[in-house]
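Some notes on the structure that comes next.
In what follows, chains are A, B, ... by sequence order, proteins preceding strands, each numbered from 1.
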Protein chains: 2
Amino acid sequence: MADELDTVYALTQVSSLVQGTLERRASEHGISLIQTRLLGTLRDRKPTVNELALLLGLDKSSTSGLVDRAERRCLVRRLPSQIDRRSVRVSLSAEGRTLVEAITADFEADIAAIVEPLDPLERATVAALLSRMLVAHATGRGVELSTIP
Amino acid sequence: MADELDTVYALTQVSSLVQGTLERRASEHGISLIQTRLLGTLRDRKPTVNELALLLGLDKSSTSGLVDRAERRCLVRRLPSQIDRRSVRVSLSAEGRTLVEAITADFEADIAAIVEPLDPLERATVAALLSRMLVAHATGRGVELSTIP
DNA sequence: TATTGTTATACTCTATAACTATA
DNA sequence: TATAGTTATAGAGTATAACAATA
């Protein structure tokens with residue numbers, strides 16, 4: 001039992017550290033965590049506003065506003081859908097892509113540095129065990145491992 | 001190299017899951033993540049607004065507003081400082097304590113369930129390796145392992 | 001003068017409800 | 001009618017700057 005509490009505690013601490021790191025990097029690049037998440041979601045997709053809302057777990061009105069502010073900064077564009085004239089496709093601009101890639105690179109370097117004290121075998125062990133946890137958890141639901149933090 | 005990227009990825013995924021879990025539990029109890037963090041910080045302290053701002057990593061004006069809203073819901077109280085009449089001590093109310101403990105209990109049960117697929121030895125391994133990472137990271141700075149997510 | 005906390009202001013982020021334009 | 005998206009509104013959360021009270 002004690003080991004379970006230790007594990008919960010360690011996971012909680014690590015999670016704060018990791019999320020805090022991402023938030024700090026995003027902020028250094030002048031955008032918020034949710035804007036970073038928006039850009040990250042758009043790296044390999046051009047979803048409609050509704051799809052985006054589902055992916056981000058937000059209301060469609062919140063998503064619309066999020067896209068407004070990102071568009072105002074020229075980070076994303078709204079493209080008219082060809083098949084449904086009510087619909088819109090949200091797409092990353094070149095500027096948005098450059099930005100999200102810079103943030104991601106900085107963030108990943110930070111986490112790599114945090115992981116660095118472990119030797120390669122230990123890192124592989126952590127990765128394997130955490131992955132098993134994640135897979136088990138995702139399988140217990142509808143499987144939805146988000147792409148970006 | 002590949003193992004390092006895997007580790008970064010696994011840590012990122014786990015962190016989103018853990019923070020998302022906390023946020024969902026907080027929201028089920030009717031408060032935000034930052035309000036939960038405020039209450040958590042006050043569990044074993046009665047800091048001044050300035051100290052609280054440092055602990056939460058916020059500006060003192062943001063902190064003042066945060067405390068305003070928590071006080072309006074009777075979750076915290078402002079006590080006049082005895083030694084410095086400019087100062088205020090922020091203190092958890094009984095109601096606030098009950099609330100943060102309920103959220104924490106739910107949250108810890110969630111994480112325990114997520115960790116459950118690993119056997120006790122594997123859990124102990126994860127806890128030990130993550131703890132080493134955390135200690136190494138904290139030692140590299142001014143040591144500041146936050147108490148609550 | 002310097003510090004503690006609050007307030008005024010301006011923005012982002014969020015949800016609910018009402019709207020429009022398509023379907 | 002139903003769906004896709006926007007807008008109006010209201011509130012939390014955040015920072016900067018200016019302020020009052022106290023040190």
Within the structure, does a side-chain N or O atom of A:S62 lie under 4.0 Å from either OP1 or OP2 of C:dC13?
no

Lys/Arg N to Asp/Glu carboxylate O, B:E51 vs B:R89, below 4.0 Å:
yes

Flag, side chain of B:R43 to backbone of B:R97, donor-acceptor distance under 3.5 Å:
no

Nearest whole Å is fine: how far is C:dA15 C1' from B:E23 CD?
14 Å

Once you round it to whole Å, what is the distance between P of D:dG5 and NZ of A:K60?
8 Å

Using a cut-off of 4.0 Å on non-hydrogen atoms, how would the nucleic acid contact of A:S32 be classed: base, sugar-phosphate, or nothing?
sugar-phosphate

B:E71 CD to C:dG5 C1': how many Å, rounded?
13 Å

Would you indicate what B:N50 reaches in the nucleic acid, counting non-hydrogen atoms under 4.0 angstrom: base, sugar-phosphate, or nothing?
sugar-phosphate

Under 4.0 Å between a side-chain N/O of B:S64 and OP1 or OP2 of C:dT7, yes or no?
no

Can you measure B:R89 atom CZ to C:dT4 atom C1' for me and round it to whole angstrom units?
12 Å

State whether B:R78 places a side-chain N or O below 4.0 Å from either non-bridging phosphate oxygen (OP1 or OP2) of C:dG5.
no

Considering just the side-chain nitrogens and oxygens of A:R85, establish if one lies under 4.0 Å of OP1 or OP2 belonging to C:dA23.
yes

Which one, C:dT12, C:dA15, D:dT16, comes nearest to the side chain of B:D59?
D:dT16

DNA chain C: A:Q35 or B:D84, which has the more 5' nearest nucleotide?
B:D84

Under 4.5 Å between side-chain heavy atoms, counting indirect links through other Ile/Leu/Val/Met/Phe/Trp/Tyr residues: same cluster for A:V18 and B:L56 or not?
yes

Evaluate the side-chain proximity of B:L55 to B:R45: yes if any heavy-atom separation is below 4.5 Å, no if none is.
yes

Under a 3.5 Å cutoff, is there a donor and acceptor pairing between the side chains of B:D59 and B:S61?
yes

To the nearest angstrom, how far is B:L52 atom CG from C:dT6 atom C1'?
15 Å

Give A:T63 one of three labels, base, sugar-phosphate or nothing, depending on what nucleic acid heavy atoms sit under 4.0 Å from its own.
nothing

Under 4.0 Å between any heavy atoms, over every strand shown, what does B:S61 touch: base, sugar-phosphate, or nothing? Just pick one.
base

Here the distance between atom P of C:dT14 and atom CG of A:L38, to the nearest Å, is 10 Å

Quick one: label A:R73 by what it contacts on the DNA or RNA (base, sugar-phosphate, nothing), any heavy atom closer than 4.0 Å.
nothing

Residue A:V49, side-chain atoms from C-beta onward, closest of D:dT6, D:dT14, C:dT4
D:dT6

side-chain N/O B:R86 vs C:dT6 OP1/OP2, d < 4.0 Å
no

How many whole angstroms separate atom CG of B:L56 from atom C1' of D:dT14?
13 Å

Backbone N or O of B:A10 within a donor-acceptor pair of the B:Q13 side chain at under 3.5 Å?
no

Over all strands shown, is A:T48 touching base, sugar-phosphate only, or nothing at heavy-atom distances under 4.0 angstrom?
sugar-phosphate

Starting the side chain at C-beta, find the nucleotide from D:dG5, D:dT14, C:dC13 nearest to A:R69.
C:dC13

Length of the line joining A:L58:CG and D:dG5:C1', which is rounded to integer Å
15 Å

